[in-house]
Structures are given as C-alpha cells and as structure tokens.
Amino acid sequence: MKDETYSKLTLEELKAKEKTCKISFYITLILQMLLAVLTIYLAIVKKQFASIAISLGVLPSLIFMYQNLKKVQEELNKRI
C-alpha cells in the first residue's frame, strides 16, 4: 500500500493493519533466523554454500515489511 491509502483508513482499520504487519514481520524474522542457522550448518558440516544466496535473498523482503510497519505506526501516531 502507498502512504496516501493509509490516510484513508479508519483508526480501527489502521490498528488491524498494524497487527497484521507486526505478526507477519515477526514470523518472517523468526523464519529468517532459522534459515540462517540452517545455512551455517550446511556450510560448515556439509560444505554446501548454495543456500547462502537463498538466505540473503530473503532479507530485502524483511526490510520492506519493517518499513511498511513503520509507515502504519507513523499514521497511527499522527491520529492519536
């Protein structure tokens, strides 16, 4: 969503959007950490370094999710 659409949402919709963004961000963060641990294991024990690219490839999605969460929180703070 773009910033303009956040201003059109009601306060209840913004709170629901914030909750959804938080949940998806934290789930993705936990999965990213598990993927990092698995990558380190495979790199050390099995000498398979191909999964490092997958681990690093997921990182930008986590960054965008965090930015989206901050935008929703900023809109909530403007209204409160």
Side-chain angles (χ1 to χ4, degrees):
M1 288 186 142
K2 297 186 178 183
D3 292 335
E4 302 91 30
T5 57
Y6 291 138
S7 61
K8 295 178 183 178
L9 296 175
T10 64
L11 190 60
E12 292 82 19
E13 290 172 336
L14 275 175
K15 288 181 181 180
K17 181 76 174 169
E18 179 190 28
K19 183 178 179 181
T20 303
C21 287
K22 275 185 181 180
I23 290 171
S24 62
F25 173 75
Y26 288 122
I27 288 173
T28 307
L29 180 65
I30 291 168
L31 290 175
Q32 177 69 26
M33 288 190 290
L34 288 173
L35 184 61
V37 169
L38 180 65
T39 301
I40 292 169
Y41 172 76
L42 289 174
I44 293 172
V45 175
K46 303 222 179 203
K47 305 291 186 209
Q48 294 179 354
F49 298 101
S51 59
I52 292 174
I54 296 170
S55 180
L56 294 176
V58 179
L59 188 61
S61 66
L62 193 63
I63 294 169
F64 290 126
M65 292 173 80
Y66 181 73
Q67 290 173 347
N68 193 25
L69 176 61
K70 286 299 173 186
K71 288 177 186 177
V72 172
Q73 289 175 339
E74 286 173 3
E75 185 65 34
L76 275 171
N77 289 335
K78 287 180 188 177
R79 295 186 186 193
I80 294 178

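Computed from a predicted model, the values in this text were never measured in an experiment.
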- Note on the structure: The reported gap from CD1 in Ile80 to CD in Gln73 (rounded to nearest 0.5 angstrom) is 10.5 Å
- First locate atom CG of Leu62, then atom OG of Ser24, and finally report the distance between them rounded to the nearest 0.5 Å. 9.5 Å
Any link between [X] and [Y] through a network of hydrophobic side chains (Ile, Leu, Val, Met, Phe, Trp, Tyr) touching at under 4.5 Å?
X     : Y     : result
Tyr6  : Leu76 : yes
Leu35 : Leu31 : no
Leu34 : Val37 : no
Ile63 : Met33 : yes
Ile27 : Phe64 : no

- Task: Go through the steps for Lys17 and Lys71 under the test side chain to side chain contact (heavy atoms under 4.5 Å, CB included), then give the verdict.
- Result: CA-CA 11 Å; Lys17 181 76 174 169; Lys71 288 177 186 177; over 6 Å; no
If I compare all heavy atoms of [X] with all of [Y], which pair ends up nearest, and what's the gap?
X     : Y     : value
Glu75 : Leu14 : CG-CD1, 3.5 Å
Leu11 : Arg79 : N-NH1, 3.7 Å
Leu59 : Gln32 : N-OE1, 4.1 Å

- Item | Tyr26: partners by ring-ring contact (aromatic ring centres under 6.0 Å, His included), with sequence neighbours left out | none
